[in-house]
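Structure first, commentary second.
Note on naming: letters A, B, ... go to the chains in the order of the sequence lines (proteins, then strands), and numbering restarts at 1 for each one. What you see is a predicted model, and the numbers here were worked out from it, not measured in a lab.
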Amino acid sequence: MANAPERYNPREQEPFWQKVWAEKKTFETSNDDSRPPYYVLEMFPYPSGRIHMGHVRNYTMGDVVARFQRAKGRNVLHPMGWDAFGMPAENAAMANKVHPREWTYENIAAMRKQLQSMGFSLDWSREFATCDEEYYHQQQNLFLDMLDAGLVTRKTSKVNWDPVDHTVLANEQVIDGRGWRSGALVEQRELTQWFFKISDFAEDLLDAIDRLDNWPDKVRLMQRNWIGRSDGLRILFEIAGEGAPEKTIEIFTTRPDTLFGASFVALSPDHPLAAELARGDAELAEFIAECHRMGTSAEAIETAEKRGYRTALKVRHPLIEGATLPVYVANFVLMDYGTGAIFGCPAHDQRDLDFARKYDLPVIPVVLPADADPKVFAIDAEAYTGAGMAFNSGFLDGMEIDAAKEAMAAYLEQRIVDGHPQASRQVNYRLRDWGISRQRYWGCPIPVIHCDTCGIVPVPRDQLPVRLPEDVEFDTPGNPLDRHQGFKHVPCPTCGSAARRETDTMDTFVDSSWYFVRFTAPRAETPTIPEVADRWLPVDQYIGGVEHAILHLLYSRFFARAMSRTGHMHVDEPFKGLFTQGMVTHETYRDASGDWVAPTDIEFDTIDGHRVARALGSGDPIEIGSVEKMSKSKRNVVDPDDMIATYGADTARWFMLSDSPPERDVQWTESGIEGAWRFVQRIYKLVGEATSVLASDPVMLETDDSRTVDMLRAAHRITAHIDADLAGLRFNRAVAQIYELANAIQKFIPVVAAAPSLDSINALRSAIERLIQFIAPMMPHLAETCWKQLGHTTMACDTPWPEADPAYLAEDVVVLAVQVNGKRRGEIEMPKDAPSDQVETAALSLEAVARILDGKAPRKVIVVPNRIVNVVG
RNA sequence: GCGGGCGUGGUGGAAUUGGUAGACACACAGGACUUAAAAUCCUGAGGAGGUAUCUCCGUGCGGGUUCGAUUCCCGCCGCCCGCACCA
């Protein structure tokens with residue numbers, strides 16, 4: 001290339017190629033395509049107004065996967081959309097008097113432009129926002145289908161109320177007793193709410209985790225714990241004496257083996273029996289009221305001591321003739337787990353022990369640790385919860401815990417109390433139904449009508465969608481829909497009398513629980529086209545932040561099941577492969593007064609090998625602080641737009657993929673981005689040099705220079721590595737391999753230039769073309785520019801992925817390390833697969849080995865073929 | 001408290017099933033080019049000692065298994081994450 005410019009200019013090249021891809025519809029995906037499908041998806045963004053570095057990292061990874069799979073011959077679906085309902089739009093409406101719709105769509109337009117400037121291979125023809133009428137219309141259809149299928153329920157229960165956002169939160173959305181979004185301390189309120197019956201699927205959601213073998217173990221474990229299966233026993237305790245409102249109390253336990261150590265029974269303050277007893281006991285009523293005031297925030301729970309109120313009731317011990325146990329109402333017993341009642345065995349449960357010490361109840365050890373002496377074994381301040389053998393326990397004595405549990409269950413199941421078996425096996429889950437009612441405007445309206453005569457009436461399908469009204473006020477807190485007379489007051493669809501429209505909207509997590517299905521047929525007039533959904537799903541590779549390990553991923557797994565049950569598709573697990581990427585971090589800086597300072601306001605220097613920072617302009621000293629997740633409050637945010645303007649998208653993409661393993665946090669550094677920039681320029685220069693050498697006339701046909709074969713060997717070896725690394729999402733390792741290839745080519749170019757042969761020119765062409773193809777998924781614009789310069793008229797992104805030729809991978813000579821007593825003392829070069837005795841002889845003949853052996857014969861020689869020899873002296 | 005993960009040069013990080021620790025990059029130092037700087041290119045480098053060949057020590061700490069341990073086992077120390085009155 002005669003007039004090739006010195007430097008690569010991304011400001012010219014990037015928009016150019018983006019325009020070409022858009023015009024050629026390069027990345028638009030057809031549902032009818034004979035190539036095998038591959039669905040790669042990154043978690044779609046909330047349209048906050050600007051993309052951040054976390055988006056850049058997330059979508060760059062997804063784009064590498066998409067472009068790689070595309071080059072490997074797959075029909076790739078790689079869509080993008082917007083998780084567009086939610087509170088921030090309403091907050092903006094309140095603060096700036098702008099309608100949430102307007103605010104949201106403006107943000108989407110701005111962010112779409114930013115994403116497009118990154119050059120992602122997205123199919124923009126499938127784009128939608130969850131606040132699009134089309135989308136929430138279909139979501140209302142789904143809701144009604146789920147209602148018909150019995151997957152939706154309405155119940156009155158205690159709910160988490162966020163006093164700042166004026167709305168209800170699901171359990172999953174309460175973090176450390178605070179609203180996940182507002183951060184406000186959550187209150188408990190009694191409300192009637194809509195629920196999805198996710199707990200119906202608890203068993204299946206749990207079992208199927210075992211088969212999600214392309215998910216991180218960490219996420220699988222978190223989901224397992226969240227579902228929280230525990231196997232236990234419900235046991236009936238007979239109430240002793242007369243005058244009690246009931247004959248029995250049913251408790252739940254996972255430790256029936258410790259029943260002989262029971263010393264009390266405790267009821268939840270919300271237990272119906274407790275309420276009944278309180279009617280005749282003012283003091284108990286006061287105690288229960290006090291418990292309710294206590295709140296259930298994490299802080300309240302942690303600081304609350306175990307407290308109980310001793311009722312007049314006693315129950316008979318199920319096994320010990322004549323023995324009775326006192327019945328307490330205790331503040332630590334939860335009504336919505338198990339039966340709301342427990343038996344306490346203080347010796348083997350810390351909480352029960354604390355309670356027993358406080359109220360001076362007996363502590364009877366019934367599990368003996370392996371080495372303990374039964375005569376002296378006693379419980380002091382710590383309960384024994386480990387393994388051991390039952391003792392003090394009648395027919396259980398001598399059994400290990402598991403056997404004792406089983407024996408107790410089998411025994412009690414046979415006994416009849418009050419007409420029922422005394423015990424029944426019970427599986428309990430921590431997972432609760434998913435409350436989806438939100439008292440907000442900017443969400444998907446729940447399509448039902450409340451009629452005093454007909455009850456709950458679904459909005460007829462031909463009247464869908466229930467549209468969000470435009471004319472709403474955000475001046476007062478609370479739900480604008482509830483104040484909107486035209487929206488709220490409607491005739492009953494069944495009887496025609498005056499009725500009330502449901503004014504709650506759905507939790508925005510509903511929107512994100514099926515968007516990945518909708519992408520397969522985004523304009524369908526039904527929620528899905530089942531055969532199309534079945535073809536694409538499950539998503540082959542889903543990529544996003546680990547913060548969604550429970551909420552979003554569990555809800556989506558539930559939705560896939562619900563949608564399968566209602567016939568919208570036939571795939572139970574939505575995401576075959578899951579990858580959770582790390583965060584983007586940056587150093588933090590503070591000035592003398594302790595205020596955070598933005599990196600753009602600082603200049604850096606190196607003094608005595610130490611980095612020092614000064615404020616731009618004033619020159620005041622700045623303290624370099626810890627590396628933290630980029631956040632506005634710490635002012636350590638770097639704007640992707642600035643990076644793209646300065647270095648271009650490819651440089652930002654390359655930096656995001658280099659060095660740090662994708663699942664770990666990556667630290668954004670100025671030197672790192674500079675390094676990426678230099679590599680972009682280096683590749684460009686290398687291609688320029690290679691191009692001129694490739695154009696030279698070969699002076700001979702073949703070459704006897706071994707460096708040509710070495711070049712090909714390296715190129716093919718690296719091809720194999722990169723292939724495996726990209727398939728396994730080990731981008732940082734692929735990057736290292738690409739550097740090696742670039743280094744090898746750089747050394748090879750002068751070799752070819754000095755003595756161009758047909759052989760060496762072909763080897764160089766093969767190597768440099770591979771290099772460009774390897775960088776193509778990572779730096780697509782640079783790759784296209786280079787590809788063109790290498791004389792191609794087709795695009796790099798349309799070129800099949802290069803293969804590694806096994807002939808070049810096979811080594812005929814290997815270097816084996818030689819150890820003496822496990823210490824490396826030298827190496828030998830041997831033909832591949834040389835017989836062990838030859839290897840041994842060669843190793844022993846090494847001077848260093850002979851010197852250390854000092855004439856003595858080795859005791860043993862271990863030969864690991866083609867790897868290592870260890871001489872044991 | 002329960003559960004899980006991590007700990008390797010100045011830095012980010014490599015290292016198949018236990019088999020040559022430190023690939024690749026960043027930063028650094030020296031050199032070349034330049035009036036000079038930037039850019040670029042070349043060279044060096046885990047630590048200690050030695051002119052060099054070389055020797056010793058080295059993957060948080062202490063043990064163990066093994067011909068051989070960053071990798072497996074046991075016990076500590078430190079950091080990070082998740083759950084948290086779930087009976």
Side-chain angles (χ1 to χ4, degrees), chain A residues 6-7 175-177 216-226 228-230 232-233 251-255 258 266 268 296 298 300-302 304-306 330-334 336-345 348-352 354-355 385 428-432 546-547 549-550 606 609-611 655 658-661 664-667 669-676 678-679 681-682 685 724 730 732-743 746 815-827 848 858-873:
Chain A
E6 266 301 299
R7 283 161 82 83
I175 293 142
D176 293 337
D217 288 342
K218 179 189 167 138
V219 174
R220 296 204 287 172
L221 187 72
M222 281 164 72
Q223 292 225 345
R224 249 182 229 119
N225 291 341
W226 188 266
R229 178 186 165 119
S230 52
L233 210 57
I251 63 89
F252 177 74
T253 181
T254 55
R255 291 296 302 273
T258 63
S268 163
T296 52
I301 287 162
E302 227 162 88
E305 52 176 336
K306 311 282 171 268
N331 63 349
F332 62 88
V333 183
L334 305 173
D336 55 0
Y337 189 81
T339 61
I342 61 158
F343 83 77
C345 175
H348 304 291
D349 182 292
Q350 191 58 45
R351 198 187 34 201
D352 294 349
D354 295 344
F355 192 80
T385 54
N428 248 301
Y429 297 94
R430 217 186 73 108
L431 182 69
R432 308 293 149 78
V546 73
E547 66 272 20
I550 297 171
T606 308
H610 293 281
R611 274 173 76 236
F655 175 78
S658 309
D659 292 348
S660 282
R664 275 194 235 170
D665 291 352
V666 63
Q667 188 189 342
T669 61
E670 194 63 26
S671 57
I673 192 79
E674 292 276 356
R678 277 202 299 273
F679 186 65
Q681 295 301 340
R682 198 178 141 207
K685 216 178 116 190
R730 296 181 293 263
N732 57 319
R733 298 210 317 206
V735 164
Q737 292 293 325
I738 288 171
Y739 273 110
E740 290 208 24
L741 183 56
N743 292 346
Q746 195 162 345
V815 177
L816 289 89
V818 178
Q819 299 180 330
V820 179
N821 295 327
K823 247 185 219 311
R824 187 178 177 281
R825 295 295 173 182
E827 55 187 38
R859 273 198 293 145
K860 195 159 46 154
V861 179
I862 290 151
V863 177
V864 182
N866 302 323
R867 273 183 184 273
I868 204 166
V869 186
N870 192 7
V871 180
V872 186

Quick check on [N]: is either OP1 or OP2 less than 4.0 Å from any side-chain nitrogen or oxygen of [X]?
X        : N     : value
A/Tyr337 : B/A87 : yes
A/Arg682 : B/A39 : no
A/Arg867 : B/G18 : no

*asked:* So that I can compare with my own list, what are the stems of RNA chain B, taken as at least three consecutive Watson-Crick or G-U pairs with distances under 3.5 Å?
replied: B:1-7 with B:77-83, B:10-12 with B:24-26, B:28-32 with B:40-44, B:46-49 with B:54-57, B:60-64 with B:72-76

Distance check needed: [N] [atom2] versus [X] [atom1], whole Å only.
X        : N     : atom1 : atom2 : value
A/Arg220 : B/C83 : CZ    : C1'   : 19 Å
A/Leu431 : B/A84 : CG    : C1'   : 16 Å
A/Ile673 : B/C26 : CD1   : C1'   : 13 Å
A/Arg824 : B/C54 : CZ    : P     : 10 Å
A/Phe679 : B/A39 : CZ    : P     : 18 Å
A/Gln819 : B/G19 : CD    : P     : 11 Å
A/Arg859 : B/U66 : CZ    : C1'   : 13 Å
A/Ile862 : B/G68 : CD1   : C1'   : 7 Å

Looking for any heavy atom pair under 4.0 Å, which part of the strands does [X] touch: base, sugar-phosphate only, or nothing?
X        : answer
A/Asn870 : base
A/Leu221 : sugar-phosphate
A/Val815 : base
A/Val735 : nothing
A/Glu740 : sugar-phosphate
A/Tyr739 : sugar-phosphate

Quantified in whole Å, what is the [atom1] atom distance between nucleotide [N] and nucleotide [M]?
N     : M     : atom1 : answer
B/C72 : B/U17 : P     : 11 Å
B/G50 : B/A23 : C1'   : 28 Å
B/A38 : B/G31 : P     : 13 Å
B/G5  : B/U53 : C1'   : 46 Å
B/A84 : B/G10 : C1'   : 41 Å
B/C67 : B/G18 : C1'   : 12 Å
B/C24 : B/C83 : P     : 41 Å
B/G60 : B/C41 : C1'   : 40 Å

*Taking for each residue the nucleotide of RNA chain B bearing the nearest heavy atom, is the 5' side occupied by A/Ala736 or by A/Asn821?*
A/Ala736

*Find which nucleotide of RNA chain B each of A/Gln746 and A/Asn743 is nearest to by heavy atoms, and output the residue with the more 5' nucleotide.*
A/Asn743

At what distance, to the nearest 0.5 angstrom, does [atom1] of [X] lie from [atom2] of [Y]?
X        : Y        : atom1 : atom2 : value
A/Arg859 : A/Asn821 : CZ    : CG    : 7.5 Å
A/Phe332 : A/Ile342 : CZ    : CD1   : 4.5 Å
A/Phe343 : A/Asp349 : CZ    : CG    : 9.5 Å
A/Asn428 : A/Arg229 : CG    : CZ    : 10.0 Å
A/Ser230 : A/Arg255 : OG    : CZ    : 13.0 Å

Nearest non-hydrogen partners of [X] and [Y], listed with the distance:
X        : Y        : answer
A/Arg730 : A/Ala724 : NH2-O, 3.1 Å
A/Ala266 : A/Val333 : CB-CG2, 4.0 Å
A/Val864 : A/Leu816 : O-CD2, 4.1 Å
A/Ile550 : A/Gln223 : O-NE2, 3.9 Å
A/Ser658 : A/Val735 : OG-CG1, 3.9 Å
A/Gly344 : A/Asp352 : CA-OD2, 3.3 Å

What's touching nucleotides 43-48 of chain B from the protein side, N or O pairs under 3.5 Å?
none

*Passes side chain to side chain contact (heavy atoms under 4.5 Å, CB included), A/Arg825 versus A/Val869? Steps please.*
CA-CA 10 Å; A/Arg825 295 295 173 182; A/Val869 186; over 6 Å; no

_Residues which pass ring-ring contact (aromatic ring centres under 6.0 Å, His included) with A/Phe655, listed by chain and number, not counting sequence neighbours_ = A/Trp668

*Please list, chain by chain and in numerical order, all residues satisfying ring-ring contact (aromatic ring centres under 6.0 Å, His included) with A/Tyr739, sequence neighbours excluded.*
A/Trp654, A/Phe679

Using nucleotides 55-60 of chain B, report all nitrogen or oxygen pairs with the protein that are shorter than 3.5 Å.
unit_1, atom_1, unit_2, atom_2, d
B/U55, OP1, A/Arg825, NH1, 3.4
B/U55, OP1, A/Arg851, NH2, 3.4
B/C56, OP2, A/Arg825, NH1, 3.4
B/C57, OP2, A/Lys823, NZ, 3.1

*When syn is taken as a glycosidic angle within 90 degrees of 0, is B/G9 syn or anti?*
syn

*Does A/Arg678 get its side chain close enough to the base of B/A39, under 3.5 Å, for a donor-acceptor pair?*
no

*No-H, no-angle donor-acceptor pair, A/Lys306 side chain to B/C85 base, under 3.5 Å*: yes

*A/Asp354 with A/Arg351: basic N within carboxylate O range, under 4.0 Å*: no

*Heavy atoms, side chains only, cut-off 4.5 Å: are A/Gln350 and A/Thr385 in contact?*
no

_A/Asn732/A/Asp659 under side chain to side chain contact (heavy atoms under 4.5 Å, CB included): CA gap, chis, key distance, verdict_ = CA-CA 5 Å; A/Asn732 57 319; A/Asp659 292 348; 5.8 Å; no

Interface polar pairs with nucleotides 5-13 of chain B, N/O, under 3.5 angstrom:
unit_1, atom_1, unit_2, atom_2, d
B/G12, O2', A/Ser660, OG, 3.2
B/G12, N2, A/Asp659, OD1, 2.8

